[in-house]
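Some notes on the structure that comes next.
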2 protein chains.
Amino acid sequence: MKKAAATRLNILQKAFGLIYEKGYQTTSVDDILATTGVTKGAFYYHFKNKDEMGVAIINELLKPSFAGSFIRPLQANGDPVDIIYDMMYDILMKNKFMKVEYGCPAANLTLEMAPWHHDFTKALNELSDQWKKGITDIIKKGKKAGLIRPDVKPEQVAVFVMSGYWGIRNIGKLSNNKAVYLVFLQQLKTYLETLR
Amino acid sequence: MKKAAATRLNILQKAFGLIYEKGYQTTSVDDILATTGVTKGAFYYHFKNKDEMGVAIINELLKPSFAGSFIRPLQANGDPVDIIYDMMYDILMKNKFMKVEYGCPAANLTLEMAPWHHDFTKALNELSDQWKKGITDIIKKGKKAGLIRPDVKPEQVAVFVMSGYWGIRNIGKLSNNKAVYLVFLQQLKTYLETLR
DNA sequence: ACAAAAACATACTAACCGGTATGTTTTTAA
DNA sequence: TTAAAAACATACCGGTTAGTATGTTTTTGT
C-alpha cells in the first residue's frame, strides 16, 4: 500500500499546483490526468469525484502548509508587533510556493467557491478561524505582558490584519508586481506600532 | 436603434447579476439567454464572444458604478479621515447591490480572471488605479491643510486602506456574516485616527 | 412604398466536461 | 502458491459548452 499512497499524493500535489494557477473550475480532471500521467481509472479509484479531491487538497495540503506559515510563527514568545510583522513579511516576501501573479491559494479558492460549495467553504473557514485565533491570542498575551496598549481590541486587530493580507494578495495579483507587498508591509508596520 | 440598445443593456445587466453571484466561468451563455429571454442569434449579434461581453460589463456597468461609490465621495471637501471612513461605511453597509455572501464584483472578477484574461485584468486595473489615486490625493490634500500628520505616506495609506477593503470582502464572503464588516470598520476608524 | 441593412430567431456542431462500465494488472494475505 | 482484493487502464457516454450557419423579421433611410 505504498505505491498507491504515492499515486494519490502525486494527484493531490499536481492538482493543487494547477488549481492554484488556473482556478478550480477551469482545471479539468483531464488536465490533472495529463500532468500527472495517471489514468482516469486510477483517479476515480482514489477519489469518488472531483470535489472530493478538492476538499482533500484543502485538508491534506493547504491546511498543514497554512499551519506552518500562518499559525506556528504566532505561537513563539516575544513581542507581538514584531511577531505579526515578521510572519506577514515571511509569507509575502519569502514563501517559495506562492507567486504574486497567482495570489494566495486559500483566498483564490474562497472567492471562487463561496457561497456555492459548502464543503470547500467549511474547510476554508477553519483555516480562517485558526489564523484569527492565533492573532487574537498573541495580542491578548501582549496586553497582559504590557507590550500592547490596554485599550486595543484583539479581535478587531486580527480581522484588520487578516483583511489587509487577503486584500494585498488581490492587489498583487491584479498589478502582478511584488512591490505593492513592500508598500503594504511598511504601512502595516506603522499601524502595528500604534498598538504599543 | 433604440430597441437594440435596450436588448444589449438587458444582456449586460442580467449577465452582470449572474456573474456576480455565480462567477464568470460558471455563468454560461445559455444561462444568460435563459434569464434574459434573448436568443443566441441576438446575443452573438451584439457581442462577438463571451469575453467581449465580459469586458463590456466591466467598462459599461462596473466602472461607472464604481466611480459613483468609490471615487466620487473622495472628491468632496472636508476631513480626509471622515471622508474615507464614511466612504467605506457606505460601501460596506449601505450599498444595495452588493451582498455579503457574494462579495465585491470587482474583487471576484480579479481573483477569477487574473492572470489569464489580460483584457479583464487591464480593465480592472484601471478601477484599482483610480481608487488608489482618489485616496492618495485626499490624503495629500489633508496634509497640506494640516489635517493629516506630515510624516504620513499617502500612497502607503491608499494601498493599506484598499487592501483592507478587498480583504474584508473576502472574509465576509467566507463567513457569510455582515458583522465582520463592523469589526473591520471599527479598527479602520482607529487606524485612520492615527493619521491625524 | 420599398430596398437595404440591422436586429433577431432556430437548428446545429465540434470539443470538452465529469463520470462510469468493464476490463487487466499488481499487491496482499493465508 | 494461490485466490481475493486492491490498484490501475481503456473505452465509452450523456450532458453542456461556446460558437456558427442560415435563416426570418424588423427597422431605417430615401
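First the proteins, then the strands, lettered A, B, ... as listed; each starts at 1.
- B:Lys132 and B:Glu155 get closest at one heavy-atom pair: NZ-OE2, 2.9 Å.
- One interatomic measurement links the two molecules: CG of A:Asp51 to C1' of C:dG18, which rounds to 10 Å at whole-angstrom precision.
- At whole-Å resolution of the value, OH in B:Tyr44 and P in C:dA11 are 18 Å apart.
- A 6.0 Å sphere centred on NZ of B:Lys178 holds more than 12 heavy atoms belonging to other residues, nucleotides or ligands.
- Whole-Å rounding puts the A:Phe43 CZ to D:dC12 P distance at 22 Å.
- Considering only side-chain atoms of B:Thr39, the nucleotide from D:dT10, C:dA9, D:dG19 that sits closest is C:dA9.
- If you take CZ of B:Phe47 and C1' of D:dA18, they are 15 Å apart, rounded to a whole angstrom.
- The distance between atom CZ of A:Arg8 and atom P of D:dA6, rounded to the nearest whole Å, is 16 Å.
- Heavy atoms from other residues, nucleotides or ligands lying under 6.0 Å from OH of A:Tyr89 number 12 at most.
- If you measure from atom CG of A:Leu9 to atom C1' of D:dC8, you get 17 Å, rounded to the nearest angstrom.
- Between A:Lys48 and A:Asp30, the residue anchored closer to the 5' end of DNA chain C is A:Asp30, taking for each the nucleotide with the nearest heavy atom.
- Relative ring orientation between A:Tyr102 and B:Trp116 is described as parallel, the plane-to-plane angle staying below 30° on a 0-90° scale split at 30° and 60°.
- Both B:Gly37 and A:Gly41 sit near DNA chain C, but only B:Gly37 has its closest nucleotide nearer the 5' end.
- Between A:His46 and the phosphate of D:dC8, there is a side-chain N or O to OP1/OP2 separation shorter than 4.0 Å.
- Regarding contacts with the backbone of D:dT17, a side-chain N or O of B:Ser28 is found under 4.0 angstrom from either OP1 or OP2.
- Summarising the geometry, the separation between CG on A:Asn49 and P on C:dC17 is reported as 17 Å, rounded to the nearest angstrom.
- Look at NZ on B:Lys40: it is 10 Å from C1' on D:dT16, rounded to the nearest Å.
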